[in-house]
2 protein chains.
Amino acid sequence: MFDESPSEAWHIRYGSIPPDLPDLSAFLSHRSVRHYEDRPIPDSIIRGLVAAAQSAATSSNLQLWSIVSVQDADNRAKIAELCGNQDHVRTCGHFFAFLADVHRVRTAAHLANEPGDGLDYTEFFTMAVIDAALACERMVCAAESLGLGICYIGGLRNDPEGVKQLLGLPEGTFGVFGLCLGWPSPPVTAEIKPRLAQEAIWFQERYADEPKFAEYDNRMRDFYVSQHMKGEATWSMRSGRRVGTKKLTGREVLMKWLQGQGFLRR
Amino acid sequence: MFDESPSEAWHIRYGSIPPDLPDLSAFLSHRSVRHYEDRPIPDSIIRGLVAAAQSAATSSNLQLWSIVSVQDADNRAKIAELCGNQDHVRTCGHFFAFLADVHRVRTAAHLANEPGDGLDYTEFFTMAVIDAALACERMVCAAESLGLGICYIGGLRNDPEGVKQLLGLPEGTFGVFGLCLGWPSPPVTAEIKPRLAQEAIWFQERYADEPKFAEYDNRMRDFYVSQHMKGEATWSMRSGRRVGTKKLTGREVLMKWLQGQGFLRR
């Protein structure tokens with residue numbers, strides 16, 4: 001479906017001449033896909049994708065994550081609304097809610113007569129979020145290798161309590177993000193998005209604290225114009241607005257909500 | 001290097017008869033590799049892997065992560081010690097420290113005359129950890145497709161202040177985990193590790209709160225015995241011990257340290 005060569009993908013990402021690259025085309029041409037064909041994803045593929053997710057590394061084999069498939073039409077409509085009313089959440093072939101989950105291992109600890117009293121530390125919240133993200137991204141790479149398109153849904157954090165009620169989440173679980181999966185509806189208009197130059201995010205031996213995104217600001221302004229996105233703005237301007245308190249879209253409650261849910265207590 | 005078929009990998013993961021699976025062999029046979037050949041990884045591969053990492057999804061294109069390559073022998077010895085003195089950190093062909101990074105976007109916000117005052121919320125810590133993990137797992141999938149072996153290093157969180165000093169990390173950055181990369185040294189003795197049954201981590205519409213890991217406890221006891229790991233123990237027993245306060249290996253300071261570093265303040 002995505003058929004850029006590694007060199008083409010590099011050129012779109014960085015706007016620079018590609019070096020001699022190994023064949024990583026399957027991993028360089030990701031983009032978010034928000035328009036899907038009305039065609040089901042076979043169960044055998046979904047089970048394979050779950051196996052791929054479970055094949056990701058997990059710290060100390062604790063497997064601090066779970067997934068909930070939301071396929072019922074009513075539930076899907078409800079979760080789409082909770083996620084900021086995004087249409088592709090409603091229309092995608094499969095929707096997974098990815099959870100950070102220390103509940104299962106706490107149950108296991110108690111059955112083994114262990115207190116599990118480390119689980120309310122920030123360390124285990126961090127570990128569970130990492131576990132969920134590693135599992136999901138391996139699922140994504142596997143899905144894309146089969147021609148599926150995906151879109152991450154950070155909006156699952158807009159209303160953590162609403163998600164908890166809808167999915168029946170116990171203490172020790174948290175909906176970290178959602179994942180839409182589906183067959184991309186042609187023509188695929190989603191573009192590979194330019195990224196910061198490697199020099200801006202990759203340091204040698206020590207972090208070099210000098211901003212290196214001026215050229216990216218220019219590249220992104222051109223990209224936004226080419227995508228007919230309104231208003232001439234650089235990456236810094238758009239990102240700067242995005243990280244202000246006004247744009248938290250409900251997520252300002254996270255610390256308090258997570259502590260109520262058994263995370264981040266110390 | 002890893003040549004299990006999807007069906008073979010499934011059987012090792014779950015101990016059950018595999019269903020009809022799509023060809024996901026590249027994604028099902030991951031294992032941690034801790035023994036490497038003394039053979040360098042070409043720069044073109046490393047640059048390609050960084051491009052793969054940057055091709056992962058990132059929330060609102062904020063790119064809240066960075067990497068530091070630690071290749072100098074002295075620095076490598078120091079970071080190996082900080083990570084709990086793990087030999088493969090010293091011996092791997094390439095070592096990346098993966099950072100959650102809101103520092104760069106804060107700088108961008110200030111240059112755009114925006115306050116960036118949302119960045120100390122728990123939401124942005126969560127987002128940055130997710131961004132770093134997605135980037136890394138895409139790099140890992142790409143690396144494994146080229147025959148490289150990898151090992152995640154959660155030990156990078158054992159001494160966050162020591163890592164900060166060694167890598168010169170500014171406020172707004174946090175060493176989330178390390179990644180060892182190298183050519184697996186044959187014979188590859190690392191085994192695919194069994195995982196919880198899909199029914200134990202994957203729910204339909206709602207979280208089902210009944211433990212489903214009894215059969216896994218038995219499978220893992222057999223696996224530990226087959227790996228000559230001492231002491232007969234189930235997954236629940238091992239995991240239960242791991243999540244007690246005694247096993248935090250320095251990471252109990254994370255909340256306080258992260259708040260000092262500008263994260264998780266509200």
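Below, all heavy atoms of this structure are taken into account, side chains as well, without hydrogens, waters or symmetry copies. Lettering of chains follows the sequences in order, A, B, ..., and the numbering in each one begins at 1.
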Atom SG in A/Cys141, atom CD in B/Glu144: separation rounded to 0.5 Å?
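Rounded to the nearest 0.5 Å, the SG-CD separation comes to 10.5 Å.
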Does A/Glu114 pair with B/Lys246 as a salt bridge, N-O distance under 4.0 Å?
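No.
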Ion pair present between A/Lys247 and B/Glu123, side-chain N to carboxylate O less than 4.0 angstrom?
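Looking at B/Glu123 together with A/Lys247, the answer is no, because their closest N to O distance does not fall below 4.0 Å.
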Which of the residues A/Met237, A/Arg242, A/Arg13, A/Gln63 is involved in the greatest number of heavy-atom pairs with chain B at under 4.5 angstrom?
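Looking at each of A/Met237, A/Arg242, A/Arg13, A/Gln63 in turn, A/Gln63 comes out on top.
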Look only at the side chain of [X] and the backbone of [Y], and say whether a donor-acceptor pair between them is shorter than 3.5 Å.
X        : Y        : answer
A/Arg195 : B/Ala56  : yes
A/Arg251 : B/Phe124 : no
B/Trp202 : A/Arg47  : no
A/Asp117 : B/Gly244 : no
A/Trp235 : B/Asn61  : yes
B/Arg241 : A/Ala109 : no
A/Glu205 : B/Asn75  : no
A/Glu137 : B/Ala135 : no

